Number of protein chains: 2
Amino acid sequence: MTKRSSSITIRDVAREAGVSVATVSRYLNQNAPVSEKLADRIQRVMDELDYIPQETARHLALRRKNAIGLLLTNMHNDFFGPLLAGIETIVRSEGYNLLVATCRPELQTDSYLPLGGHNTDGLLVFANSLGDEQIAQLSERGFPLVLIHKTPAEGVSVPFVTVENKAATRKLVDHLITAHGRRRILLMRGPEQQEDSYWREVGYRAALADHGIAFDEALTLRGSFEREVAYAALKTFLVDAQHPLFDAVFAGDDDAAVGVYEALKEAGLRIPEDVSVVGFDDSRMSPFLMPPLTTVRAPTEAVGSSAARQLFCLLEGETPELETLHPTDIVLRRSCGCAT
Amino acid sequence: MTKRSSSITIRDVAREAGVSVATVSRYLNQNAPVSEKLADRIQRVMDELDYIPQETARHLALRRKNAIGLLLTNMHNDFFGPLLAGIETIVRSEGYNLLVATCRPELQTDSYLPLGGHNTDGLLVFANSLGDEQIAQLSERGFPLVLIHKTPAEGVSVPFVTVENKAATRKLVDHLITAHGRRRILLMRGPEQQEDSYWREVGYRAALADHGIAFDEALTLRGSFEREVAYAALKTFLVDAQHPLFDAVFAGDDDAAVGVYEALKEAGLRIPEDVSVVGFDDSRMSPFLMPPLTTVRAPTEAVGSSAARQLFCLLEGETPELETLHPTDIVLRRSCGCAT
DNA sequence: ACCGCTTACGTAACCGGTTACATTATGGCA
DNA sequence: TGCCATAATGTAACCGGTTACGTAAGCGGT
């Protein structure tokens with residue numbers, strides 16, 4: 001009772017039970033037969049001593065950490081809740097631990113990674129939390145990796161799971177044009193060099209092209225998929241007297257859309273009467289925003305869980321899906337101009 | 001290059017550099033002087049061999065895991081984003097890893113904990129992710145623990161950090177009564193046995209008492225701080241023809257408030273004209289809901305970071321604050337009836 | 001009675017680091 | 001010149017598990 005549990009080892013148990021450490025270990029792992037008589041005795045002694053196997057020792061002996069890591073770019077987006085939930089479910093069901101860290105390669109000088117082979121058996125890498133070179137390096141060393149919302153660079157073969165960006169965005173922008181007669185649609189870009197950003201822009205441009213509308217760089221802002229950034233960007237855009245007029249905003253994602261809402265409201269512009277606003281993700285709150293946000297439904301929790309599943313395929317030597325693309329579709333609410 | 005990095009040990013480095021493992025270790029940890037000549041040689045060899053120290057071996061030798069754990073009840077609430085962000089910042093700055101898991105003692109039979117002394121050096125325990133007995137047990141063993149949004153049971157001395165619940169709730173409900181003339185205020189309770197639930201109810205009752213309004217059990221629902229649960233509860237409440245009329249809802253938290261919004265709208269009830277709605281937390285989206293949600297501002301990210309800080313106090317042998325109570329205050333928006 | 005095979009268990013090496021202690025080299029001082 | 005304090009390095013035990021290998025007992029078949 002008063003004994004520090006940390007000091008009780010498998011040898012203590014073995015001694016008290018009058019057996020060898022091997023037998024105790026075998027009993028613990030159930031990986032070799034142990035007679036019932038000894039099993040009982042061992043169990044009794046373990047209870048008595050409050051024995052808890054030290055995982056670290058186990059890890060060292062087995063050369064695995066029983067943990068997988070999740071690298072995120074930040075945590076200030078409601079997008080990450082569902083993602084984490086999806087991942088955690090799978091990870092737990094496999095009996096693994098989940099390490100979480102944020103990381104932005106462009107912000108740090110040294111090559112130190114918070115998560116990697118030194119503390120995990122495999123990594124889930126979200127978007128740009130790692131650079132292409134870092135991914136290639138890990139992959140070359142045979143370290144199990146799966147990418148989330150990012151495709152690997154040319155030549156590196158790493159499973160990835162993401163969502164369909166382009167078609168849905170195109171459809172959404174097309175809706176703005178076709179259904180609501182919008183023609184000057186502001187593009188709120190996502191983070192630089194980010195893949196979702198890229199494909200959403202491609203979809204946006206395609207929709208414009210479909211209707212013979214010229215792409216206008218002046219109608220372009222950097223929203224970074226972050227509410228505050230989007231807010232600030234649009235705010236400065238609006239104070240600039242020279243700015244071209246616009247009648248709609250594709251916000252990049254739902255979080256940025258909220259920043260857009262904020263800036264528009266402060267400028268006295270009504271949504272959707274004066275300007276339509278649309279997002280991407282269909283985060284939990286978007287149906288309840290004022291007005292309800294027209295957006296693209298992305299199955300974020302499913303993305304998380306299938307990414308985790310692919311990683312476990314790798315860990316268990318099965319061959320994973322190299323590419324998992326979750327479908328998306330637009331959901332029309334009031335912010336684009338549709339009736340409730 | 002083609003060598004598996006996993007097979008390179010400190011002994012390899014030592015041999016190649018013509019020094020002892022002790023010297024390499026000392027150079028790595030900078031905890032004892034190493035001559036410049038050898039240091040250079042060691043560094044060169046490490047670069048050449050792509051040597052990465054195996055953390056698990058280190059953990060075993062040092063008898064610490066260099067990781068802290070966070071136990072959550074679930075991840076489907078926007079509340080957890082800021083909480084995690086606050087924690088992660090501190091954890092990273094201390095050079096530790098962060099393990100995250102969900103856990104509900106009432107839902108599981110065995111006493112197995114996903115996080116504990118076997119894989120972490122200390123634990124952040126959110127609300128009811130652990131039962132009182134489990135907390136007491138861990139605490140007795142001297143395992144570093146800090147509670148979040150929960151106070152320890154009588155007699156167990158564990159640091160905790162939470163927010164002021166009662167006074168703010170009382171003030172908010174008082175506002176409904178005084179400023180908006182509401183008298184039949186529905187109470188959407190939080191999770192059973194949960195402390196925030198309890199104190200918010202106490203605040204609610206106190207406000208009623210202040211105005212001589214009798215507490216009415218019939219005006220009471222279980223919302224569990226979850227949107228879906230709150231929605232379902234209110235939904236069935238509303239179809240029941242016998243139900244007493246009400247003119248306001250204290251939703252328990254912002255997430256539940258959204259569920260309340262949903263159910264009310266479907267019932268054709270206008271917010272705030274027909275019924276006022278108020279929440280708790282001031283989550284990121286609440287200013288942007290339709291209508292903007294009157295609520296209580298709780299510094300969730302600060303709660304996370306100060307909890308983590310207390311835990312590191314424990315780990316480093318300093319004496320932590322036993323009790324950290326973050327102040328809260330009401331923020332008035334339109335859902336209660338106030339003008340924008 | 002003897003052989004071979006299976007089953008239950010013990011011994012000791014091993015995983016890859018840290019570190020107490022021993023050892024050697026160096027410099028200051030009487 | 002001899003002696004001691006000090007600094008730099010090496011040796012080997014240790015952290016707490018797992019497991020290859022060896023051994024003894026039990027059992028069936030001829």
Side-chain angles (χ1 to χ4, degrees), chain A residues 3-43 45-46 49-67 95 97 116-121, chain B residues 3-43 45-46 49-67 95 97 116-121:
Chain A
K3 264 202 172 176
R4 305 301 304 273
S5 68
S6 59
S7 62
I8 298 179
T9 78
I10 198 174
R11 282 167 237 270
D12 296 325
V13 174
R15 184 170 8 81
E16 289 301 311
V19 301
S20 73
V21 291
T23 305
V24 177
S25 173
R26 286 192 271 252
Y27 170 68
L28 273 171
N29 300 44
Q30 307 280 338
N31 53 9
V34 171
S35 72
E36 211 159 314
K37 186 203 302 200
L38 291 192
D40 289 350
R41 211 150 76 207
I42 292 171
Q43 184 58 57
V45 172
M46 294 201 318
L49 297 183
D50 244 8
Y51 170 67
I52 298 172
Q54 203 64 22
E55 276 198 17
T56 50
R58 186 159 210 275
H59 297 335
L60 178 55
L62 294 177
R63 260 149 301 175
R64 55 167 235 186
K65 290 87 190 170
N66 203 241
N97 289 132
H118 51 294
N119 51 14
T120 58
D121 299 315
Chain B
K3 265 201 173 178
R4 306 301 303 273
S5 69
S6 60
S7 62
I8 297 178
T9 78
I10 198 173
R11 280 166 238 269
D12 297 324
V13 175
R15 183 168 12 79
E16 289 301 309
V19 301
S20 73
V21 292
T23 305
V24 176
S25 173
R26 286 192 270 253
Y27 170 68
L28 272 171
N29 301 46
Q30 307 280 339
N31 54 9
V34 172
S35 73
E36 209 158 317
K37 187 204 300 199
L38 291 192
D40 289 349
R41 213 150 75 206
I42 292 171
Q43 183 60 56
V45 171
M46 293 202 318
L49 297 184
D50 245 6
Y51 170 67
I52 298 173
Q54 203 64 21
E55 276 198 17
T56 49
R58 185 159 211 275
H59 297 336
L60 178 56
L62 294 177
R63 259 148 303 173
R64 53 167 236 185
K65 291 89 190 169
N66 203 242
N97 289 132
H118 51 293
N119 51 15
T120 58
D121 300 315

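This is a predicted model, so every value here is computed, not measured. Lettering follows sequence order; numbering is per chain, from 1. Basis for what follows: all heavy atoms, side chains included, without hydrogens, waters or symmetry-related copies.
Here the CD1 atom belonging to A/I10 is positioned 9.0 Å from the CE atom belonging to A/M46, to the nearest 0.5 angstrom. Between atom CD of residue B/Q43 and atom CG of residue B/L28 there is a gap of 8.5 Å, rounded to the nearest 0.5 Å. Of the inter-residue distances, the one linking B/N97 atom CG with B/T120 atom OG1 reads 11.5 Å to the nearest 0.5 angstrom. To the nearest 0.5 Å, atom CD1 of residue A/I42 and atom OG of residue A/S35 are 8.0 Å apart.
B/Y51 comes within 4.0 angstrom of the backbone, heavy atoms only, and of no base.
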Side-chain donor-acceptor contacts of residues 55-62 of chain B below 3.5 Å, not counting sequence neighbours, with atom names and distances?
residue	atom	partner	partner atom	Å
B/E55	OE1	B/H59	NE2	3.3
B/H59	ND1	B/E55	O	3.3
B/H59	ND1	B/R64	O	3.1
B/H59	NE2	B/K65	O	3.3

With a 3.5 Å cut-off and sequence neighbours excluded, list the donor-acceptor pairs that the side chains of residues 14-21 of chain A form with protein atoms.
residue	atom	partner	partner atom	Å
A/R15	NH2	A/D12	OD1	2.7
A/S20	OG	A/A22	N	3.4
A/S20	OG	A/T23	N	3.3
A/S20	OG	A/T23	OG1	3.1

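When rounded to the nearest whole Å, the span between CG of B/L38 and P of D/dA7 equals 17 Å. Here the C1' atom of nucleotide D/dT9 and the CD1 atom of B/I42 are 10 Å apart, to the nearest Å. For the pair B/R15 CZ and C/dG17 P, the interatomic distance rounds to 13 Å; values are reported in whole Å. For the pair A/I52 CD1 and D/dG17 P, the computed distance is 11 Å after rounding to whole Å. In this structure, B/H118 places its NE2 atom 13 Å from P of D/dG17, rounding to the nearest Å. The distance between atom CG of A/L60 and atom C1' of D/dC15, rounded to the nearest whole Å, is 9 Å. Rounded to whole angstrom, the span from the NE2 atom of B/H59 across to the C1' atom of C/dC15 amounts to 15 Å. Spacing between atom OH of B/Y27 and atom P of D/dG10 amounts to 15 Å, rounded to whole angstrom units.
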Reading 5' to 3' through nucleotides 18-27 of chain D, protein heavy-atom contacts under 4.0 Å coded B for base, S for sugar-phosphate only, - for none: SB--------
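The 5' end of DNA chain D is approached more closely, in terms of each residue's nearest nucleotide, by B/A32 than by the other of A/T56 and B/A32.
End-to-end axis angle of the helix from C/dA1-D/dT30 to C/dA30-D/dT1, using five pairs per end and rounding to 10°, comes to 50°.
Looking only at side-chain heavy atoms (C-beta outward), B/Y27 and B/V13 stay at 4.5 Å or farther from each other.
In this view, A/D121 satisfies the side-chain hydrogen bond (donor to acceptor under 3.5 Å, both in side chains) rule with no residue, not counting sequence neighbours.
Between B/S20 and D/dG10 there is a side-chain polar atom (N or O) within less than 4.0 angstrom of OP1 or OP2.
Sorted pairs that involve residues 26-36 of chain A and meet salt bridge (Lys or Arg N to Asp or Glu O under 4.0 Å), not counting sequence neighbours, are lacking altogether.
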